[in-house]
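Not measured: the values here are computed from a predicted model.
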Amino acid sequence: MKIKLPTALCVILMCTSCEKVSLDENIELSSQEKENASITLSTRTGDDNNVTEGFIYIFNSSGACVQRLSTDADNTEVTTKLSAGTYSIYAFGGSDLSRFIFPSQEEATTTSVIARQAGKLMGDLLQKQTDITVEDGEERDLNLTLDRKVLCIDQVIITNMPTDVTKVEVSLSPFYSTMSFDGTYPTSPSESYIVSLTKQTDGTTWKATPNQMLFPSKRTPMVNVSLTSPEGTSGFSYTAETAMLANKHYTISGAYNVAHGATLSCTLSASEWGEDGSIDFELNKDNQLTYAPVAGQKCNGYYCVSVNTTARTAVLLSKKSISYVVPNNTTDAAAWQQATIEPMTNLEKPTGIEGTWRLPTSAETEIFSKESPLVVIFDNNISPIYFCTINSTFGWGYTLKDGNTYTFNTGTTPFGSQIKLRPVIDISY
């Protein structure tokens, strides 16, 4: 004799302002089934309407996904049938789940990874996992609380900026870029978040209000601020003391200290959803390690000869020509080249750079030898003569100006004290 064992399971997604989201599962008897449990899952949102969509994956005891159910604002209730047994439920909620890549039922495993869709900004994402056992004839209620798995950067603002600043960018890194089904974050890949600020009407305040969702920071984040002015680009870098956590709203605020010229005080603060938190720090010359090189402009006081944006490398020119001991023999190229080595070895490097100064190539010399008056001063339409390498051969080069026409000339002999030593250095950024 068979006993009627109908069971209804109601799962409710609920989101209230600045609170966690809840899933309520109510199990009740039905007269429609004899051996299977009839499970009804319904979703609803709270007053703030943050969660309007849901995905629920149900895995059996063998790890196979037996159901992938979805809800939305117009269809808040779905019904399915399950045999009595033990199941793992993975529930997800958000305002626009199309921003993420969710696996199909056939593809889903308990170790599946959720990533952001290419070309789309991240949205709100909540998650919860639990195990249940549905037994014949049992009535039970199961309450699940969804946890918010993202943070939100509400505002980035820097005040008291010099009026000649033309561009401000703030970069934070690293952040997790994917989430596993169980709510943890794979260590790779990671990503950076870059936001451009807009100058306000007072001329000294730069601000952005991105309201951007992100997965938490992978560790204590690095905050980089890049400033562009007629003098070139300069950057500041600081490692925060605490990580940026999920379920928090963050505001990044700073004030540029004009009096000292290279001091930037910033505050990184968090407000509800979760508990408040703040990170206070100061960016100054001691931690001015960020390089945002732009070819043809100055970067942290150094003229940028060239940039390889793919490899993220650049070539910086020394701030001025440096002295060297002039050899006696003007035709001995080896002696002249040897005379350049020690001065370059002793020349102070840009802050935070571990490379070594070297002679510029003829191509690099051609670039900076005509950048008047940013780099050089022409005398009778002739630039200074600079030591350089010509197809790996030691020599010199200079630029001749005729109206708007520039002609670059090179040679490998003779040599003289009028030749300038102005080395370059390779950097990574």
State whether a side-chain donor-acceptor pair under 3.5 Å links [X] with [Y].
X: D96; Y: S98; result: yes
X: T109; Y: T111; result: yes
X: T405; Y: D402; result: no
X: T86; Y: T133; result: yes
X: D131; Y: Q129; result: yes

Kindly say whether the aromatic ring centers of F387 and Y324 come within a distance under 6.0 Å. yes
Before we go on, tell me: are the rings of Y398 and Y386 under 6.0 Å apart, centre to centre? no
SG on C388 to CZ on F368, rounded to 0.5 Å: 8.0 Å
Starting at NZ of K199, measure out to NZ of K207 and round the result to the nearest 0.5 Å. 15.5 Å
Between R68 and F55, is NZ or CZ placed under 6.0 angstrom from the six-membered ring centre and within 45° of the ring axis? yes
Test: K149 cationic atom under 6.0 Å from F215 six-membered ring centre, within 45° of axis: no
Apply side-chain contact (heavy atoms from CB on, under 4.5 Å) to S190 and list each qualifying residue two or more places apart in sequence or on a separate chain. P174, K218
Excluding sequence neighbours, so at least two apart, what forms side-chain contact (heavy atoms from CB on, under 4.5 Å) with S306? V315
Does this structure show an ion pair linking D426 with R358, if we count only N-O contacts that are shorter than 4.0 Å? yes
What do the steps show when you test F394 against F415 for ring-ring contact (aromatic ring centres under 6.0 Å, His included), and what is the final call? CA-CA 11 Å; F394 180 72; F415 298 96; 5.3 Å; yes
Does the ring-ring contact (aromatic ring centres under 6.0 Å, His included) test come out yes or no for Y193 and F175, once each step is laid out? CA-CA 8 Å; Y193 175 66; F175 290 93; 7.1 Å; no
Using the salt bridge (Lys or Arg N to Asp or Glu O under 4.0 Å) rule, take E191 and R116 through it: C-alpha gap first, then chi angles, then the decisive distance, then the call. CA-CA 12 Å; E191 62 183 358; R116 184 176 67 253; 3.1 Å; yes
To check you understand the geometry: which heavy-atom pair defines the closest contact between E364 and V424, and what is its length? OE1-CG2, 3.9 Å
Which one of V376, L316, I367 satisfies the side chain to side chain contact (heavy atoms under 4.5 Å, CB included) criterion with Y303? I367
Indicate the ring-plane relationship of F181 and Y90, choosing parallel, tilted or perpendicular according to the 30° and 60° boundaries. tilted
Contacts of E366 that satisfy salt bridge (charged side-chain N to carboxylate O under 4.0 Å, His left out) - sequence neighbours left out: none
